[in-house]
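Right, one structure below, let's go through it.
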Amino acid sequence: MHIITNANVLNEQGEITTKHIVMEGGVIRTLIDGDSEWKPLEGAEITDAAGKLVTPGLIDMHVHLREPGFEHKETIETGSRSAAKGGFTTIACMPNTKPVTDNPETVKLVLDKAREAGIVKVLPYAAITVRELGRELTDFTALKAAGAIGFTDDGVGVQNAQMMKNAMRMARELDMPVIAHCEENSLVEKGCVTEGKFAEKHGLVGIPNESEAIHVGRDILLAEATGVHYHVCHVSTEQSIRLIRQAKSIGINVTAEVCPHHLLLSDEDIPGLDANWKMNPPLRSPRDVEACIEALQDGTLDMIVTDHAPHTEEEKAKGMEMAPFGIVGFETAFPLLYTKFVETGLWDLAFLVRRMTADPARVFGLNAGKLEEGAPADLTMIDLDAEKEVDPNQFASKGRNTPFTGWKLKGWPVKTWVDGKVVWAE
């Protein structure tokens, strides 16, 4: 038995109350009012939260753990540890590994490695097409049976509309979601940053907003025709948001996510040709950033994800045109958003926590994201007053690729429990 005493928790009204949280057998057994008379049970392990915030464990439905095949960038173990340090207890990993997670054996390998690591809960996505080449559908039934939680060719868009429609039909029959990386290849060739002032200034090929939105629009129509649960990855443009908002208003089963970097940074913030600022989708215009913030606030975008994408320093040193896309995200996500939105009074704390816990759990039907009796004892303790600078050399991830180096932030996770067991502590 493990008891967290004097924890600040958010109630259903979004107000902070003090509770003692009793965990046993991997679940939250009971919540005791902080001001009530009680004695801790003999032999119980005690953690005094001393007024720190305790939330349901954070959930990240879009991550890259790189294993199998790219263990020099990250492994399931190092990625899981990085997630735990960032306060995440459940993460969903993308299939663009080597080999691609397009067969039951690789799904099983990911699940086995996650179990061996014994840190956070890892949910594998499987590929829509064999080797993510867009030519032939994978065996959805076998992949679901092996433990895949949805289908995506993340990293590349499915270019063929008939292929995507067939995939959606099959997923619908299996009551599984299709998760789409939306990118029209004919519009993005050799692009490395968004189309705009920065690209023009540095003579770089730009990636236009419509490259994302064209696929979003196409897929919304296909989702309407097939009835599948269609989920849009890392939304970054106002055009995509307009389409998703309209689709939701007429009852199409579409959900969507946004990353911290698309809420915080625009192409106008990029300081130079440092590839730690290169990600896909790229940083867009300030107008797109505002659209993303508004869409998260009004529920057009359902959740926040990190798109944690580690690369080596050598790879990122190749410069804006040649370096791979992606930044790491686990360990900075909560403090970035807390500092920039909650501390400034733009959002209330309960809103941020909900978009990182209960909402992803609701969208994907997970038994997670709740701090209540009988729920899994997946919890995150956060020191809202602790202020420190982002230092990539302190990351638990193998990746150091972040544009946020040196940012002073508050709201750092300090302890993480999964099934009642401490998996990370400062």
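Numbers here simply count residues along the sequence, with the first being 1.
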How far apart are the closest heavy atoms of Phe88 and Ala333, and which atoms are they? CZ-CB, 4.1 Å
Do the rings of Trp407 and Phe404 sit parallel, tilted or perpendicular, given the 30° and 60° boundaries? perpendicular
Are Arg284 and Thr194 linked by a side-chain donor-acceptor pair shorter than 3.5 Å? yes
CG of Asp175: more than 12 outside heavy atoms within 6.0 angstrom? no
Backbone of Val216 reached by a side-chain donor or acceptor of Asp219 within 3.5 Å: no
One pair to check against side-chain contact (heavy atoms from CB on, under 4.5 Å): Val54 and Thr380. What are the steps and the verdict? CA-CA 6 Å; Val54 175; Thr380 303; over 6 Å; no
Taking NZ, NE, NH1 and NH2 as the nitrogens, is one of them in Arg29 or Glu24 under 4.0 Å from a carboxylate oxygen of the other? yes
Carboxylate-amine/guanidinium contact Arg81 Glu77, below 4.0 Å: yes
Hey, does Arg218 have a side-chain heavy atom less than 4.5 Å from the side chain of Leu222? yes
Between Asp60 and Thr306, a side-chain donor and acceptor under 3.5 Å: yes
Side chain to side chain donor-acceptor pair (under 3.5 Å) between His2 and Thr47, worked out: CA-CA 8 Å; His2 194 130; Thr47 296; 2.7 Å; yes
Side-chain contact test, heavy atoms from C-beta onward, threshold under 4.5 Å: evaluate it for Ile327 versus Asn276 and give yes or no. no
Taking C-beta and beyond as the side chain, do Arg135 and Val130 meet within less than 4.5 Å on heavy atoms? no
Side-chain donor-acceptor pairs under 3.5 Å in residues 359-375, sequence neighbours left out?
from   : atom 1 : to     : atom 2 : distance (Å)
Asp359 : OD2    : Arg355 : NH1    : 2.5
Glu373 : OE2    : Thr30  : OG1    : 3.2
Glu373 : OE2    : Leu31  : N      : 3.4

Nearest 0.5 Å please: distance from the OG1 atom of Thr226 over to the CZ atom of Arg169. 8.0 Å
Candidate pair Val328 and Arg400, rule side-chain contact (heavy atoms from CB on, under 4.5 Å), full reasoning: CA-CA 7 Å; Val328 291; Arg400 303 281 178 266; over 6 Å; no
Hey, does the side chain of Lys248 reach the backbone of Gly299 with a donor-acceptor pair shorter than 3.5 angstrom? yes
For Glu67, is there an ion pair with Lys113 - N to carboxylate O distance below 4.0 angstrom? yes
Glu257 and His231, any side-chain heavy atoms less than 4.5 Å apart: yes
When you measure from the side chain of Glu212 to the backbone of Ser236, do you find a donor-acceptor pair of N or O atoms at a distance under 3.5 Å? yes
Return the minimal non-hydrogen interatomic distance between Thr405 and Pro392, and the atom names on each side. OG1-CG, 3.2 Å
Which pair of heavy atoms, one from Ser80 and one from Ile119, lies closest together, and at what distance? O-CG2, 3.6 Å
So, the side chain of Asp302 versus the backbone of Thr255: is there a donor-acceptor pair under 3.5 Å, distance only? no
Going by heavy atoms in the side chains, are His261 and Leu283 under 4.5 Å from each other? yes
Taking Arg131 first and then Asp102, would you say they form a salt bridge - that is, a charged N and a carboxylate O separated by under 4.0 Å? no
Single hit among His64, Arg66, Glu132 for side chain to side chain donor-acceptor pair (under 3.5 Å) with Asn96: His64
So, does Thr416 use its side chain to make a donor-acceptor pair with the main chain of Lys85 at under 3.5 Å? no
Just wondering, do Thr90 and Leu123 contact through their side chains at under 4.5 Å, heavy atoms? yes
Do Thr5 and Ile46 have side chains that approach each other closer than 4.5 Å (heavy atoms only, starting at C-beta)? yes
Regarding His311 and Asn401, do their side chains bring together a donor and an acceptor under 3.5 Å, going by distance alone? no
Ignoring hydrogens and geometry, is there a side-chain-to-backbone donor-acceptor pair from Lys144 to Leu174 under 3.5 Å? yes
Check the side chains of Asp153 and Thr129 for a donor-acceptor pair under 3.5 angstrom, ignoring hydrogens and angles. yes
Exceeds 12 heavy-atom contacts within 6.0 angstrom, atom NZ of Lys108: no
Between the side chains of Glu224 and Asn253, does any donor sit under 3.5 Å from an acceptor? no
Judged by atom type as modelled, is there a donor-acceptor pair below 3.5 Å linking the side chain of Lys278 to the main-chain atoms of Met320? yes
State whether the side chain of Thr344 and the backbone N or O of Phe341 hold a donor-acceptor pair below 3.5 Å, judged by distance alone. yes
Over all atoms of both residues, closest heavy-atom pair of Ala350 and Gly14: CB-CA, 3.7 Å
Asp419 and Lys121: salt bridge (charged side-chain N to carboxylate O under 4.0 Å, His left out), yes or no, with the steps? CA-CA 10 Å; Asp419 291 332; Lys121 293 170 181 175; 2.9 Å; yes
Identify whether the distance between the nearest side-chain nitrogen and carboxylate oxygen of Asp385 and Lys52 falls below 4.0 Å. no
Side-chain donor-acceptor contact under 3.5 Å, His181 with Asp154: yes
What verdict does the side-chain contact (heavy atoms from CB on, under 4.5 Å) test give for Leu384 and Asn8, after you've listed the backbone C-alpha separation in whole Å, the side-chain angles of each residue and the deciding distance to 0.1 Å? CA-CA 11 Å; Leu384 296 178; Asn8 279 348; over 6 Å; no
Under 3.5 Å, is there a donor-acceptor pair between the Glu74 and His308 side chains? yes
Trp277 side chain near Leu265 side chain, heavy-atom distance below 4.5 Å: yes
Hydrogens and angles aside, do Gln246 and Ser249 bring a side-chain donor and acceptor to less than 3.5 Å of each other? no
Any donor-acceptor N/O pair, Thr75 side chain to Glu71 backbone, under 3.5 Å: no
Quick check on the 6.0 Å ring-centre criterion: do His234 and His262 meet it? no
Could you walk me through whether Glu426 and Lys415 satisfy the salt bridge (charged side-chain N to carboxylate O under 4.0 Å, His left out) test, starting with their C-alpha distance in whole Å, then the side-chain angles of each, then the deciding distance to 0.1 Å, before giving a yes or no? CA-CA 6 Å; Glu426 196 172 63; Lys415 205 164 198 174; over 6 Å; no
Without swapping roles, check the side chain of Gln159 against the backbone of Gly134 for a donor-acceptor pair under 3.5 Å. no
side-chain contact (heavy atoms from CB on, under 4.5 Å) between Cys233 and Met94: does it pass, once the steps are laid out? CA-CA 11 Å; Cys233 288; Met94 290 297 172; 4.3 Å; yes
Does Arg245, at its CZ atom, have more than 12 non-hydrogen atoms belonging to other residues, nucleotides or ligands within less than 6.0 Å? yes
Which heavy-atom pair separates Val254 from Ile244 by the least distance, and what is that distance? CG1-O, 4.3 Å
I need the minimum non-hydrogen distance between Asp267 and Ser285, along with the two atoms involved. OD1-CA, 3.6 Å
Exceeds 12 heavy-atom contacts within 6.0 angstrom, atom CD of Gln297: yes
For Glu313, does the CD atom sit with more than 12 other heavy atoms under 6.0 Å from it, leaving out its own atoms? no
Go through Glu183 and Ser211 one step at a time and tell me if the side chain to side chain donor-acceptor pair (under 3.5 Å) criterion holds. CA-CA 5 Å; Glu183 194 167 40; Ser211 66; 5.3 Å; no
